[in-house]
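Only one structure is covered here, and it is reproduced in the block below.
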There are 4 protein chains.
Amino acid sequence: MTRPQSPRRKRANGMESRQRIIDAAVEIAGERGYEGTSIAAVSAKCGLPASSIYWHFKDKDDLIAAVIERSFDSWLAALELPGEETGTSLERLTVMAANVAKSLVDAPDFLRLGLMLALERRPTKPRGRTVFLQVRGIARRKIAEMLQTLFPELDEPEIHTLTTYAIAGADGLFVQREITGDAVNLMAMFELHAQSVHEAARRMAAGA
Amino acid sequence: MTRPQSPRRKRANGMESRQRIIDAAVEIAGERGYEGTSIAAVSAKCGLPASSIYWHFKDKDDLIAAVIERSFDSWLAALELPGEETGTSLERLTVMAANVAKSLVDAPDFLRLGLMLALERRPTKPRGRTVFLQVRGIARRKIAEMLQTLFPELDEPEIHTLTTYAIAGADGLFVQREITGDAVNLMAMFELHAQSVHEAARRMAAGA
Amino acid sequence: MTRPQSPRRKRANGMESRQRIIDAAVEIAGERGYEGTSIAAVSAKCGLPASSIYWHFKDKDDLIAAVIERSFDSWLAALELPGEETGTSLERLTVMAANVAKSLVDAPDFLRLGLMLALERRPTKPRGRTVFLQVRGIARRKIAEMLQTLFPELDEPEIHTLTTYAIAGADGLFVQREITGDAVNLMAMFELHAQSVHEAARRMAAGA
Amino acid sequence: MTRPQSPRRKRANGMESRQRIIDAAVEIAGERGYEGTSIAAVSAKCGLPASSIYWHFKDKDDLIAAVIERSFDSWLAALELPGEETGTSLERLTVMAANVAKSLVDAPDFLRLGLMLALERRPTKPRGRTVFLQVRGIARRKIAEMLQTLFPELDEPEIHTLTTYAIAGADGLFVQREITGDAVNLMAMFELHAQSVHEAARRMAAGA
DNA sequence: TATGAATGAGACTTCATTCAT
DNA sequence: AATGAATGAAGTCTCATTCAT
């Protein structure tokens, strides 16, 4: 009672606890989605009592938002962007696609959980959903820039369409892999998609 | 509302009640996913007490599985397949893509709820997930057949890859539209995708 | 609809249905006691819908009472009483004890369910409990008569005590066997008990 | 009632709450058995909301097991064992029987609830049943030791039989009293039983 | 003679959250 | 910085029973 500090480690290290909670929540939310992620389950997995989770996070929404942010960071870390820009536009597109494919295999939580949140239609959208859409927006702009660099002759609406199509392909291939397991050769499929995007850009540049 | 007579104890009418329950559940599950679909909410929406739902369905899992089946049927009904096969392979692909796009706009519940279920990684998979994967498998086989007809020179692995890519694009474009709302011009995007698939088939036929 | 009678047997045989219901209920009530015996479980075991059970029995209480009666009958049938009364009083007591022991092994439902009902202290006693106590009372009187015949020199209070003790031993040995399984050699224990009762009778006759 | 202050949100006091819950559960379970003991009823009796009961106990099974343990303790406390061992073996047996009889009158919950649980045959046995059988096993070993001390000439199987018989008589007499109310003179009956056990021991020691 | 369908009450349990310490 | 305890609302599901056919 009067012991100033508990001898069994756990020396009240705020940040470490916060990390442990998010770690646990990432795992569970990646498995079960928003509703399926209960505070009790997170508490059980990280070892801290539920009330401690509320010391670190305002509410469940807040926690899930943090989970999205964290898993986005993990994904960004896994996504090693090409330093130098060399080769033909097709080659550069292909390299980029390969990077994205690899990152999605290595850190799938961000996209899986994000898509789950995004597909829901409930009236009061969780904040995590907003965060997902925001960071997704950032990624989208990066891709658009890149495509603009590769295909300077395209105008803005064309770049918009091309970007949308590029992302849709990536999402769809990711979903495919999540559904069917490891069976899908993601690398080959992303390479195929890079070619499609490249052809589409050429058609746009030629025609219209 | 307009029901002329409503005796306190409604006349027993099994099949109609079953339909009303599924109707309500489709609506809610399409919005909120598996966990978000509470029996109480379904009960409130269909007017039958919760215990009556359990007369018609073994448990929540059973209900959700019925929901998947039902929304798959709706989707199939919305998907009007071309009767006559005329035109070039690209034209026929494009017509087909347009049909799929339209069906996804008209009856999006099947794919939205199915994807939500499919993305979850929980250890005990709900039966609805299995049903979704089954009917999806059927659809996949149909598409593979059709591609084989259009491109008879491709061998089986190539058809497999092409089918996977075609479906992934459809999934991805659907997701895009669900996320960003009506902003996406689904028709145009699906036409673009049809061209990509066509080009991919030609590349396959030509090269290694 | 207009078929006058369902072709698949089940020709609406009232008594047979009643028996099937009681059969099922005996099994379940013997396992789970009063509260644990649900109409749904009985329905599932006997194959008739729950509403049919209510055609044959007023309510659950009524059914359980019938169960008690039926299992009492089974027990009586298993209890083959000695036709001729020969031998010493100890021999005759021993034979009788052996009979009771055998009947309890062969038809334990009556006593097991009855004791469960009897041990409960709930304010509103189920009718089955009353039935149990009634038939038990009958059995008690039979035993008292028999002991009076064997030990004519004992007065009524002594016979009362002896009867109580004899029955208590039987109950206790039965409980023992139900708890520990087949391990208890019921025959030997009942023989031991017969000797105890015999000794007690002699002590009573001799002393006080 | 006499509690001087009762702040709306009661001061957290874990152990006291736990005791209050068990107190309430002992009372109800002693009356109604396992199935008849509803969490809602316990909640109403102890004043804590149902969800608080689940803070202290994993589930209903866990609570009932605690109830068994607690009522066993009460029974042990009521059972004042004789300090000095004096007198003949019959006298000592008789004293012991009187003690047991008194304890069963003063704290009947343990045996009543335990027997109810033990008589059930359901496939998945509640944990409380196991606990009951365990503590009963302990009591059995104590009695066996004591009988061995009183009758050193008996071998182990004989002691086993004698112990079983002694306990069966106690169980049976308890049941008798529970069923017929206070009418049974438990003291006299237990004395009679002590004599029976004593005679049985002598017979065993004397002959085969 | 029987039953498909319905129903309100209540079962056990988990939920997100709060608060005093 | 953290947590044991508490809590009302809501979760899924089963209960005994009824009634029109």
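Quick note: numbers below take in every heavy atom, side chains included, and nothing from hydrogens, waters or symmetry partners. To find a chain, count down the sequence lines: A is the first, B the second, and so on, and within it residues start at 1. Note that this is a predicted model, so its numbers are computed, not measured.
- For the side chain to side chain contact (heavy atoms under 4.5 Å, CB included) test, residues two or more places apart in sequence or in another chain that qualify with A:E31 are B:R121, B:P123.
- Distance CD1/B:I64 to CZ/B:F57: 10.0 Å, rounded to 0.5 Å.
- With a 4.5 Å cut-off on side-chain heavy atoms, D:R18 and D:I21 do not count as touching.
- Taking 4.5 Å as the limit, some side-chain heavy atom of B:L63 sits within range of a side-chain heavy atom of B:I39.
- Note on D:T37: only backbone sugar-phosphate atoms sit closer than 4.0 angstrom, heavy atoms only; bases stay farther off.
- The interatomic distance linking C:L63 (CG) with F:dC15 (C1') rounds to 15 Å, in whole Å.
- If you take CD of A:E35 and P of F:dT12, they are 10 Å apart, rounded to a whole angstrom.
- A distance of 9.0 Å separates CG in C:L48 from CD in C:E16, rounded to the nearest 0.5 Å.
- Side-chain atoms of D:A40 lie closest to E:dA11 of the nucleotides F:dT12, E:dA11, E:dA16.
- Remark: C1' of F:dG11 and CZ of B:R32 are 14 Å apart, rounded to the nearest angstrom.
- Of all heavy-atom pairs between B:A50 and B:S43, the closest is N-OG, 3.5 Å.
- If you find the closest nucleotide of DNA chain F to C:S38 and to A:M15, the one lying nearer the 5' end belongs to A:M15.
- Atoms CD1 (B:I28) and P (F:dG11) sit 11 Å apart, rounded to a whole Å.
- One atom, CD1 of B:I21, and another, C1' of E:dT7, lie 13 Å apart when rounded to the nearest Å.
- Summarising the geometry, the separation between CD1 on C:I39 and P on F:dA16 is reported as 6 Å, rounded to the nearest angstrom.
- Put simply, CG on B:D61 is 8 Å from P on F:dC13, counting in whole angstrom units.
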Please, what dot-bracket string fits DNA chain F when only Watson-Crick and G-U pairs with both distances under 3.5 Å count, crossing ones use [ ] and pairs to another strand use |? .||||||||||||||||||||

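- Taking 4.5 Å as the limit, some side-chain heavy atom of D:I68 sits within range of a side-chain heavy atom of D:L117.
- The distance between atom NZ of C:K60 and atom P of F:dA16, rounded to the nearest whole Å, is 4 Å.
- Counting only heavy atoms from C-beta outward, the side chains of C:F110 and C:V135 approach each other to under 4.5 Å.
- Heavy-atom distances to DNA chain E give each of A:D59 and D:D59 a nearest nucleotide, and the one nearer the 5′ end belongs to D:D59.
- The heavy-atom pair separating A:Q19 from A:R70 by the smallest distance is OE1-NH2, 2.5 Å.
- Only D:S51, D:Y54, listed by number, bring a heavy atom of residues 49-57 of chain D to less than 4.0 angstrom from any atom of DNA chain E.
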